[in-house]
Amino acid sequence: VVELGMPNRTVLTTCAYCGVGCSFKAEMRGDEVVRMVPYKDGGANEGHSCVKGRFAFGYASHPDRVMKPMIRERITDPWREVSWEEAISYTAQRMRDIQDRHGVGAVGGITSSRCTNEEVYVVQKMVRAAFGNNNVDTCARVCHSPTGYGLKQTYGTSAGTQDFKSVAKADVIVVIGANPTDGHPVFGSRMKRRLREGAKLIVVDPRRIDLVRSPHVEATHHLQLAPGTNVAVVNAMAHVVVTEGLVDRDFVAERCEGFAEWAAFIARPEHSPEAVEQITGVPAAELRAAARLYATAPNAAIYYGLGVTEHSQGSTMVMGMANLAMACGNIGRDGVGVNPLRGQNNVQGSCDMGSFPHELPGYRHVSDDAVRTVFETLWGRTLLAEPGLRIPNMFDAAIEGSFRALFVHGEDIAQSDPNTKHVTAALSAMELVVVQDLFLNETSKFAHVFLPGTSFLEKDGTFTNAERRINRVRPVMAPKTGKHEWQIVCEIAQAMGYPMHYDDSSQIMDEIAITTPTFAGVSFRKLDEVGSIQWPCNDAAPEGTPIMHVDGFVRGKGRFIETTYVPTEERSTRRFPLILTTGRILSQYNVGAQTRRTPNVAWHPEDLLELHPHDAEVRGISDGDLVTLASRVGETSLRARITDRMPVGVVYTTFHHPVTGANVVTTENSDWATNCPEYKVTAVQVGLKQVS
Ligand code: SF4
């Protein structure tokens, strides 16, 4: 930490890394952060923090940061610094020109889960009201869109059921496709505390994550399944519950619908643990024992991550977990539930704020006349009743020629989205790419306009964490770029002829409260008074809602849905005999734009490829060797780490470094319901890299 002397003021704000949403006191001296002190009364963290929240804020003043807007006619031209007025009028005029020539639907925007609720809200409003279409999507498309779909279908709302605190009452904790100690460290610690007190742990993951075996914590069951077979595993657990008479009959009778049909489906022999063992590689006895442990515990809670959602059956798996929890009555009280661990700070919020092409804020479908009328009356524009394009559809339409311009808000899609070659072909095909971000990145290589963004230290607004907790993000300094991001968006909309103005970001939240019933009771004033609020917060729940579905599900009755296991099309072959799966590590963050630019901690300097000793030996690979990683769509190289964390036949890497560009090899396969990419299953080959 750079020594800057004693702080002379303190600002209470929220970490901008993961979906835990820890509160911090930023201790300031002038315009410099002296230190970030975890806030003891923070609703999500209660005084705890991890290395990123505590130390990784130096990127905000890194010399790489772009401070002036820039434009260029062609992507081969050098950037030219311009005034805000010129950048905004150039963007607006090019957007209008493209729409005149190619139609209203030829342009769109992507919102960011890194940004505040208020910033996201104005971006989707700009697309809907100023662009005049529903071509708005969010980077949550590539992470938790199946959560939104699956939990809405079964429970009626696109969000986790519990508050973090609830884990302290869990007797059994099931972690599926998540690595909380690396990805959500403060919640991971809370979970470990409960495990040390005696709660039992079931881990469902191809990789032996730290939780499986760490000091004072050992999983009772590690179901080390083959990548892509989650649905078969959850169906087998449900099969045991149904066929061994472990169903909570009172809960199901009072609270649910569709049980009889679902029970007949799940009792079929193909869902038995013995049959599923052939598919998943998980011993039938382990599956049976894990199911019994979950079903017979007084309280059992499921926590899951991208290892559930980023599959061709991501949405099916979310519904499968929801079925299992309902069958066992594990919903609606402390210590139970189905809980997504959101990766980025505001994944929940960016989805809540209407970033999907089919949903207005509050997860209401654009075809709902009554809902559209609310927005049309307030916004003074007629809105389209048909859904717009999802991100992958935008890419396909760009290559085909009908989608011509994209506004990318705070996301590096050229590094983070799958099948890099396809993404960059789409970006290259567009006439106009506008990037709003802190740093030039892989996406901005294809951009014509660069609008410098603000770090969390300059933002004024709110983030919503994985437990639906709305936290205030307070600025410790004015925007270094001269404008708030929401102001830039409003000014582009205005320059396109749509009047959009707010005096400050609290007015945006006031509008959200008017248009979005689950936020009806939220305001900056109330947040300042009470600290944080978990939505829904309205007349029915003025103090917010820590636990959902207590007396009834949001949709009325919880709905059992048949979840047929369908193998992914991605199979290992002779040419690509291994399966690659991906994840995060504690000391880096997503594409690394921030953590790679924070010099005060020994950040993990490169992505490594983990592989089993057997797979290494047959390829003549030693620990630390430079290896090639190739799939049917691309090839990259990185260093090998040999470890028995991985089973034979499965390799693993992270995606934090553009030099590696792990997504060069991931494919176009995606979730059937939401198009969330199947990052977690890619057939690959690994070999020693020949260095000439
Ligand atoms: Fe920030 Fe997440 Fe770490 Fe909390 S756990 S300090 S929110 S990165």
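As the structure lists them, so they are numbered: ligands from 1, and atoms in each ligand from 1.
No hydrogens or angles considered: nothing links the side chains of N663 and T420 as a donor-acceptor pair under 3.5 Å.
Taking the salt bridge (charged side-chain N to carboxylate O under 4.0 Å, His left out) definition, one finds that D210 meets it with R645, sequence neighbours left out. Partners of E458 under the side-chain contact (heavy atoms from CB on, under 4.5 Å) rule, at least two apart in sequence or in another chain, are R65, T454, S455, M477, K480. Among residues two or more places apart in sequence or in another chain, the salt bridge (charged side-chain N to carboxylate O under 4.0 Å, His left out) test is passed with E467 by R469.
Excluding waters, the set of protein N/O/S atoms under 2.8 Å from atom 4 (Fe) of ligand 1 reads C22 SG.
Taking a cutoff of 4.0 Å between a charged side-chain nitrogen and a carboxylate oxygen, E197 and R194 qualify as a salt bridge.
Of the possible donor and acceptor atoms, none in the side chain of N346 sits under 3.5 Å from a partner among the backbone N and O of F463.
Between F24 and ligand 1 there is a heavy-atom distance shorter than 4.0 Å.
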